[in-house]
2 protein chains.
Amino acid sequence: MFKQKKQQELREICKSRGVSLTPQRQAVMRALAARRDHPTADQLYEDLCRQMPGMSRTTVYRVLETFEKLGLVRKVDSRASKAHYDADTTLHPHLVCLNCGKVVDYQDREFGHLEPPVFTDDGFQIVDYAVTLVGFCRQCRQDPNN
Amino acid sequence: MFKQKKQQELREICKSRGVSLTPQRQAVMRALAARRDHPTADQLYEDLCRQMPGMSRTTVYRVLETFEKLGLVRKVDSRASKAHYDADTTLHPHLVCLNCGKVVDYQDREFGHLEPPVFTDDGFQIVDYAVTLVGFCRQCRQDPNN
DNA sequence: TTGACGATTGGTACTTTATTGCATTCGGTA
DNA sequence: TACCGAATGCAATAAAGTACCAATCGTCAA
């Protein structure tokens with residue numbers, strides 16, 4: 001199961017990078033990996049408050065930032081003015097709903113596979129890319145008021 | 001010239017959609033179309049303050065929102081937690097710098113041209129998509145402190 | 001197993017980005 | 001040129017994210 005795998009990876013990375021394996025970090029990873037969508041820091045904070053009273057919003061933001069640096073999670077590109085996080089760091093396309101802002105995986109993980117150059121003519125170094133499909137999720141098409 | 005073309009388009013769209021052609025709207029369009037990168041609302045506001053004292057930040061936000069609804073501008077997808085705007089509404093890939101956050105066009109406008117389905121198996125309706133190349137611009141590679 | 005040390009956390013305050021409400025002013029039409 | 005609804009400016013507020021610092025915790029060596 002993905003959730004277990006990520007907990008395992010978290011333990012290994014913490015160990016090898018000399019970073020503490022705190023209950024908060026484990027909880028954030030568990031909460032993120034448990035979701036099939038790609039939540040914002042605040043959405044995760046809400047999940048975590050229930051499971052772990054006393055959890056601080058600041059900590060959630062910081063843990064996610066740390067995870068990003070460790071390569072354990074990724075920020076998802078979207079038009080929305082807030083960061084969405086994905087525990088699956090392999091390259092794959094996302095769907096973003098224009099109505100509710102939800103971010104989920106696109107079924108065909110190979111869709112939009114590209115091979116950008118390492119450098120552009122301008123000297124811009126490309127290290128990553130994202131393919132984002134934008135539209136309206138089924139729920140929002142049925143009931144546009146969320 | 002692109003700037004002139006967009007001013008023209010603004011006049012036409014305002015007329016046909018029964019929306020006022022205010023000096024503020026013209027100024028925002030001029031300021032946005034004049035830039036080769038894709039600025040945030042606040043960056044535009046700063047440009048505009050110089051050209052048009054008394055211009056309000058709120059107005060810039062509202063005008064951009066209106067333009068988006070009218071199809072005159074687009075928000076650019078990015079990992080950053082703020083909205084970047086592009087006056088070129090045709091589909092083309094962007095480069096985003098991870099260091100300074102700058103958003104610019106990728107030279108090869110045909111790169112990453114895709115044909116996503118109109119509906120996914122989940123019933124998600126796809127109306128648009130974005131290809132974003134992520135990395136480090138030349139300036140930031142030479143001087144990572146901005 | 002314990003003690004010490006540096007890393008991490010929680011809380012608060014603050015910044016940045018964006019939105020809302022409302023009185024005033026303005027653009028477009030008659 | 002006067003009217004009317006739309007748009008603006010200002011101030012207040014909301015939402016998203018960051019900085020600071022004292023208190024606490026996880027890790028490692030003894």
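Each chain gets a letter, A, B and so on, in the order its sequence line appears, and its residues count up from 1.
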(request) Of all the heavy-atom pairs spanning B:Ser78 and B:His84, show the shortest one and how long it is. (result) OG-CD2, 4.4 Å
(message) Under a 3.5 Å cutoff, is there a donor and acceptor pairing between the side chains of A:His38 and A:Asp105?
(response) yes
(message) OP1 or OP2 of D:dG26 versus the side-chain N and O atoms of A:Thr22: is any pair under 4.0 Å?
(response) no
(message) Rounded to whole Å, please give me the gap between CG in A:Leu70 and P in C:dT8.
(response) 9 Å
(request) Specify the separation, in whole Å, of atom CD of A:Glu65 and atom C1' of C:dT9. (result) 14 Å
(message) Rounded to whole Å, please give me the gap between CD in B:Gln24 and C1' in D:dA6.
(response) 12 Å
(message) Using whole Å, what does the distance between atom C1' of nucleotide D:dA6 and atom CZ of B:Arg25 come to?
(response) 8 Å
(request) Could you check whether A:Gly54 gets within reach of a base, just the sugar-phosphate, or nothing at all, counting any heavy atom under 4.0 Å? (result) sugar-phosphate
(message) Rounded to whole Å, how long is the line connecting atom OH of A:Tyr61 with atom P of C:dT9?
(response) 16 Å
(message) Looking at B:Arg62 and D:dG9, is any side-chain donor or acceptor paired with a base atom of the opposite kind under 3.5 Å?
(response) yes
(message) If you assign each of B:Ala83 and A:Ser20 to its closest nucleotide in DNA chain C, which residue comes earlier from the 5' end?
(response) A:Ser20
(message) Is it the case that the side chains of B:Gln8 and B:Glu12 hold a donor-acceptor pair, with the cut-off being a distance below 3.5 Å and no angle test?
(response) yes
(message) Testing B:Val131, B:Val76, B:Thr132 one by one against A:Asp77 for a side chain to side chain contact (heavy atoms under 4.5 Å, CB included), which residue passes?
(response) B:Thr132
(request) Find the distance A:Leu44:CG to D:dA16:P and express it as a whole number of Å. (result) 13 Å
Nucleotide N/O to protein N/O under 3.5 Å, stretch nucleotides 12-16 of chain C:
| unit_1 | atom_1 | unit_2 | atom_2 | d |
| --- | --- | --- | --- | --- |
| C:dT12 | O4 | A:Thr58 | OG1 | 3.1 |

Show me, pair by pair, the donor-acceptor contacts under 3.5 angstrom made by side chains of residues 22-31 of chain B, not counting sequence neighbours?
| unit_1 | atom_1 | unit_2 | atom_2 | d |
| --- | --- | --- | --- | --- |
| B:Thr22 | OG1 | B:Arg25 | N | 3.1 |
| B:Arg25 | NH1 | B:Ser20 | O | 2.8 |

(message) Quick check: closest heavy atoms across B:Gln107 and A:Asp122, and the distance to 0.1 Å?
(response) OE1-N, 4.1 Å
(request) Write down the distance between OH (A:Tyr45) and C1' (C:dG11), rounded to a whole number of angstrom. (result) 10 Å
(request) Could you check how far CE of B:Met52 sits from P of C:dC26, rounded to whole Å? (result) 11 Å
(request) Can you see which heavy atom on A:Arg57 is nearest to which on A:Tyr45, and at what distance? (result) N-CE1, 3.3 Å
